[in-house]
Amino acid sequence: MLRKQLMENRLRYTYFIMCFLNFTMFVFISSIIYITTKRICDMQEARTFLSMIDYLPKDPMHSMILSITAFVALLIVMRLRLKLHFETWQLVLCFLVESGLCLLIMERLYFSTNSILLLMMADLLTYITSNTYRFFFMVVLVTFYLGANYDFLSARVSMTSFCYNSFVKSLLLSVQNTLASLNIIVFIIYMVFLVQDKINENKRFLALNEELQSLNEQLKEYADIREKMGETRERNRLAREIHDTLGHTLTGL
């Protein structure tokens with residue numbers, strides 16, 4: 001029981017670290033978008049910047065607030081799903097809502113990070129037991145993960161190319177890559193803990209099955225002994241009745 005509690009605590013703490021890293025990543029990227037946009041406006045380079053890009057950026061402050069709000073809503077939905085113990089179809093509906101929130105977050109951050117999808121994968125593998133639903137959602141999440149693999153600071157948003165010097169740009173890119181790498185490492189650790197938990201759970205089931213088989217064999221032995229004892233009691237009863245009835249009858253005669 002203590003070992004099982006320890007495994008659950010390891011999974012819970014690792015999951016919390018993944019949530020914290022994702023939140024840090026969202027705040028970092030949205031802050032860079034906001035600060036860079038403000039610098040472009042202060043430098044009066046907005047016209048030059050708009051002539052260099054293929055799409056019109058969204059309001060950076062609105063994107064920051066919406067992405068953080070969507071992430072908090074995602075955590076609330078995950079928490080409610082754990083506390084209410086939904087059935088399979090309700091879990092599928094929750095994962096659809098969570099997937100929509102993840103896409104909203106990535107869209108507001110210009111698909112500059114896909115680390116939130118690793119959190120979704122960890123959640124999916126932990127709480128969805130149906131292999132069909134699990135396979136379907138894993139295919140969808142992996143597709144989104146590969147499709148959203150864009151470089152925010154150098155390729156996706158070109159504003160940093162003329163707002164910052166090479167040192168600052170390298171520093172920002174290093175911070176983002178460090179956060180992304182840490183998220184991947186924690187995700188791998190979570191998967192290792194989850195696999196260990198499943199292996200230990202299977203071992204517990206095998207041990208319980210062996211114990212049940214042993215108890216069944218003992219019950220069969222007890223049943224045989226009880227049956228033999230019943231036969232012995234019946235023979236003794238018949239012997240008593242014969243002795244008492246026939247003995248008294250013969251004595252009377």
Side-chain angles (χ1 to χ4, degrees), residues 1-25 71 74-99 101-102 113-146 149 178-228:
M1 187 66 182
L2 182 61
R3 185 180 180 86
K4 183 179 180 181
Q5 186 66 31
L6 178 62
M7 291 297 298
E8 291 179 353
N9 289 336
R10 290 198 306 180
L11 287 174
R12 189 180 298 111
Y13 294 149
T14 310
Y15 188 82
F16 174 78
I17 294 173
M18 289 182 64
C19 293
F20 176 76
L21 287 174
N22 276 279
F23 180 78
T24 305
M25 177 75 81
F71 182 69
L74 177 65
L75 295 181
I76 292 174
V77 173
M78 289 179 176
R79 184 63 180 174
L80 289 176
R81 174 168 44 78
L82 292 180
K83 293 186 68 175
L84 297 179
H85 302 290
F86 290 144
E87 297 180 0
T88 302
W89 69 271
Q90 293 172 323
L91 286 175
V92 171
L93 183 60
C94 283
F95 273 104
L96 288 174
V97 174
E98 293 169 13
S99 300
L101 291 172
C102 289
T113 177
N114 50 18
S115 59
I116 187 66
L117 295 176
L118 295 179
L119 183 66
M120 281 289 299
M121 290 179 191
D123 220 36
L124 173 70
L125 294 174
T126 305
Y127 299 107
I128 289 290
T129 56
S130 174
N131 291 329
T132 303
Y133 291 124
R134 182 183 295 176
F135 177 77
F136 172 75
F137 277 106
M138 280 300 296
V139 170
V140 173
L141 291 177
V142 169
T143 302
F144 286 156
Y145 184 83
L146 297 176
N149 191 18
T178 300
L179 290 173
S181 300
L182 286 175
N183 191 74
I184 294 174
I185 292 172
V186 175
F187 173 75
I188 294 173
I189 294 174
Y190 183 88
M191 287 294 101
V192 172
F193 288 162
L194 182 62
V195 170
Q196 289 179 349
D197 186 42
K198 296 299 182 183
I199 292 174
N200 292 332
E201 188 175 356
N202 290 333
K203 288 181 179 179
R204 286 195 298 268
F205 284 151
L206 291 175
L208 288 175
N209 286 332
E210 292 177 358
E211 185 177 356
L212 286 175
Q213 290 179 358
S214 177
L215 291 175
N216 286 331
E217 292 177 358
Q218 292 181 7
L219 286 175
K220 289 180 180 179
E221 293 177 358
Y222 292 153
D224 293 339
I225 293 174
R226 185 178 181 84
E227 184 178 356
K228 291 179 180 179

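The side-chain heavy atoms of Phe137 and Leu96, taken from C-beta on, include a pair separated by under 4.5 Å. Side-chain contact check for Val186 versus Tyr15: every heavy-atom pair is 4.5 Å or farther apart.
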Mind listing the side-chain donor-acceptor pairs of residues 17-25 below 3.5 Å, one per line with the distance, residues two or more places apart or on another chain?
| unit_1 | atom_1 | unit_2 | atom_2 | d |
| --- | --- | --- | --- | --- |
| Asn22 | OD1 | Ser115 | OG | 2.9 |
| Asn22 | OD1 | Ile116 | N | 3.0 |
| Asn22 | ND2 | Met18 | O | 2.7 |
| Asn22 | ND2 | Asn183 | OD1 | 3.2 |
| Thr24 | OG1 | Phe20 | O | 2.8 |

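Judged by distance alone, the side chain of Asp197 and the main-chain N or O of Phe193 form no donor-acceptor pair under 3.5 Å.
Atom CE of Met191 sits about 10.0 Å away from atom NZ of Lys198, to the nearest 0.5 Å. In this structure, CZ on Arg204 lies 8.5 Å from CG on Leu208, to the nearest 0.5 angstrom. Taking CZ of Phe205 as the start and CG of Leu212 as the end, the distance is 11.5 Å to the nearest 0.5 Å. Between atom CE of residue Met78 and atom CD1 of residue Ile76 there is a gap of 12.0 Å, rounded to the nearest 0.5 Å. One distance of note links CG of Leu118 with CD1 of Ile188; it measures 9.0 Å at 0.5 Å rounding. Interatomic distance, SG of Cys94 versus CG of Leu74, reported as 11.0 Å (0.5 Å rounding).
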Test Arg10 against Ile189 for side-chain contact (heavy atoms from CB on, under 4.5 Å), laying out the working first. CA-CA 10 Å; Arg10 290 198 306 180; Ile189 294 174; over 6 Å; no
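The local environment of CD in Gln218 is crowded, with over 12 non-hydrogen atoms from other residues, nucleotides or ligands closer than 6.0 Å.
Residues meeting the side chain to side chain contact (heavy atoms under 4.5 Å, CB included) test with Thr126, sequence neighbours left out: Tyr190, Leu194.
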